[in-house]
Amino acid sequence: MKMHFLAALGAAVFFSMPVRAEQVRFPQTGAPAFVITTPDGWTHQPDGDGNMLLISGNKTASYALTIGSYSGNLDDLATGAMKAAGANAPQQMGPTIISGFRGYEYDSSMVNPSGVHVNVHMVAVKTDAGHMASVTMLTVDGIASEDYQAAQSVLANTSIVGP
């Protein structure tokens, strides 16, 4: 699992890409895998570090999907990810479940390379004793209510197909 996903995602919030809505499966084969239907106008692309980025059409919200080996605890995972991205230390916001996989939610913030303040919401779950999956939402300060609701819908419809 690569920890560079938040930094790449923070920069990717402002890249231009073609617009199309679709169901995204990451990784494309095997299990566990995320299955997410993106809202209209969202795009997706790999980040070059083994993660998948989902990006809103107006670049005010984005997600990083990560699945990989990890045998440590999720608090340490979130702390390491935030540190690698240059984000503030995460606050654990409580337990959560995605498709029966248990984990925790974390909140943080950072300033991206363009100088924009970005709010970070990470959901990390253990898929088994040696693996994890995380879905991390980034939103810019001042995001419009309807854009934030669309971003929240991505997390609400996130599922993980199991091993």
Side-chain angles (χ1 to χ4, degrees), residues 1-13 22-39 42-56 60-110 112 117-140 143 147-163:
M1 195 251 340
K2 306 284 182 169
M3 292 290 199
H4 305 288
F5 66 96
L6 288 177
L9 185 58
V13 170
E22 64 187 286
Q23 188 174 60
V24 177
R25 185 181 196 285
F26 174 75
Q28 290 182 346
T29 61
F34 285 104
V35 178
I36 299 172
T37 301
T38 59
W42 282 59
T43 59
H44 69 279
Q45 70 179 38
D47 72 352
D49 283 328
N51 309 296
M52 179 61 69
L53 305 179
L54 309 175
I55 305 167
S56 69
T60 60
S62 53
Y63 279 88
L65 308 177
T66 303
I67 291 183
S69 298
Y70 189 77
S71 59
N73 71 57
L74 295 175
D75 289 347
D76 290 343
L77 173 75
T79 298
M82 299 302 171
K83 184 176 180 180
N88 295 318
Q91 293 184 7
Q92 189 193 93
M93 304 308 290
T96 193
I97 298 174
I98 299 176
S99 302
F101 297 105
R102 297 184 180 278
Y104 295 96
E105 297 184 49
Y106 302 89
D107 283 343
S108 183
S109 64
M110 61 187 279
N112 74 9
H117 185 266
V118 177
N119 301 298
V120 181
H121 180 74
M122 178 183 197
V123 178
V125 298
K126 294 289 279 190
T127 57
D128 64 32
H131 296 86
M132 56 68 65
S134 70
V135 54
T136 304
M137 178 177 74
L138 281 79
T139 56
V140 298
I143 186 173
D147 294 330
Y148 186 75
Q149 289 174 356
Q152 285 289 319
S153 77
V154 172
L155 188 56
N157 80 56
T158 296
S159 63
I160 300 173
V161 294

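Using cut-offs of 30° and 60° on the angle between ring planes, the pair Trp42 and Tyr63 is tilted.
Distance alone, capped at 3.5 Å, places no donor-acceptor pair between the Thr79 side chain and the Asp76 backbone. Checked by atom type and distance alone, the side chain of Ser62 never pairs as donor or acceptor with a backbone atom of Ile55 at under 3.5 Å. Side-chain N or O atoms of Ser134 include none that pairs as donor or acceptor with a backbone N or O of Ala124 at under 3.5 Å. Here the side chain of Thr158 pairs a donor or acceptor atom with the backbone of Val154 at under 3.5 angstrom. Looking only at distances, no side-chain donor or acceptor of Tyr106 sits under 3.5 Å from a matching main-chain atom of Gly94. Lys126 places a side-chain N or O within 3.5 Å of a backbone atom of Gly72 that can act as its donor or acceptor partner.
Annotation for Ala33 and Gly30: closest pair CB-O, 3.8 Å, computed over non-hydrogen atoms. Across every non-hydrogen atom of Phe26 and Leu65, the tightest pair is CE2-O, 3.4 Å. Residue Ile143 comes nearest to Asp147 through the heavy atom pair CG1-CB, 3.6 Å, listed as atom of the first residue, atom of the second, then distance. Here the closest non-hydrogen pair linking Pro39 and Ala150 is CG-O, 3.7 Å. For the pair Ala89 and Ser108, the tightest heavy-atom approach, listed with the atom from each and the gap, is O-OG, 4.0 Å. Nearest heavy-atom pair, Leu74 versus Gly103, reported as atom, atom and distance to 0.1 Å: CD1-CA, 3.6 Å.
Between Thr96 and Tyr104, the closest side-chain pair of non-hydrogen atoms is not below 4.5 Å. Using a 4.5 Å cut-off on side-chain heavy atoms (C-beta onward), Met82 and Met122 make contact. For the pair Thr38 and Val24, the minimum side-chain heavy-atom distance is below 4.5 Å. Side-chain contact between Leu138 and Met110 is present, with at least one heavy-atom pair separated by less than 4.5 Å. Contact check for Ile67 versus Met132: no side-chain heavy atoms found under the 4.5 Å cut-off. Phe101 places none of its side-chain heavy atoms less than 4.5 Å from the side chain of His131.
Residue Arg25 holds its CZ atom at 9.5 Å from CD of Gln23, rounded to the nearest 0.5 Å. Between Asp107 atom CG and Gln91 atom CD the span is 7.0 Å, to the nearest 0.5 Å. How far CD1 of Ile98 is from CG of Leu155: 6.5 Å, rounded to the nearest 0.5 Å. With rounding to the nearest 0.5 Å, the separation of CD in Glu105 from NE2 in His121 is 4.0 Å. Here Tyr70 contributes atom OH and Leu77 contributes atom CG; the two are 5.0 Å apart, rounded to the nearest 0.5 Å. Rounding to the nearest 0.5 angstrom, the gap separating the CE atom in Met52 from the CG atom in Asp47 is 8.5 Å.
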For this session: List the steps and the verdict of side chain to side chain contact (heavy atoms under 4.5 Å, CB included) for Ile160 and Val125.
Result: CA-CA 10 Å; Ile160 300 173; Val125 298; 3.8 Å; yes
For this session: Under the side chain to side chain donor-acceptor pair (under 3.5 Å) rule, what do Asn51 and Thr66 come out as? Steps first, then yes or no, please.
Result: CA-CA 5 Å; Asn51 309 296; Thr66 303; 2.9 Å; yes
For this session: Please lay out, stage by stage, how Ser109 and Asn88 fare under the test side chain to side chain donor-acceptor pair (under 3.5 Å).
Result: CA-CA 6 Å; Ser109 64; Asn88 295 318; 2.8 Å; yes
For this session: Evaluate the side chain to side chain contact (heavy atoms under 4.5 Å, CB included) criterion for residues Thr136 and Val120: first the C-alpha distance (whole Å), next the side-chain angles of each, then the deciding distance (0.1 Å), finally the verdict.
Result: CA-CA 7 Å; Thr136 304; Val120 181; 3.7 Å; yes
For this session: Report the C-alpha separation of His117 and Asn112 in whole Å, then their side-chain angles, then the decisive distance to 0.1 Å, and conclude whether the side chain to side chain contact (heavy atoms under 4.5 Å, CB included) test is met.
Result: CA-CA 7 Å; His117 185 266; Asn112 74 9; over 6 Å; no
Exercise. Taking it one step at a time, do Phe34 and Val135 satisfy side chain to side chain contact (heavy atoms under 4.5 Å, CB included)?
Worked result: CA-CA 9 Å; Phe34 285 104; Val135 54; 4.1 Å; yes
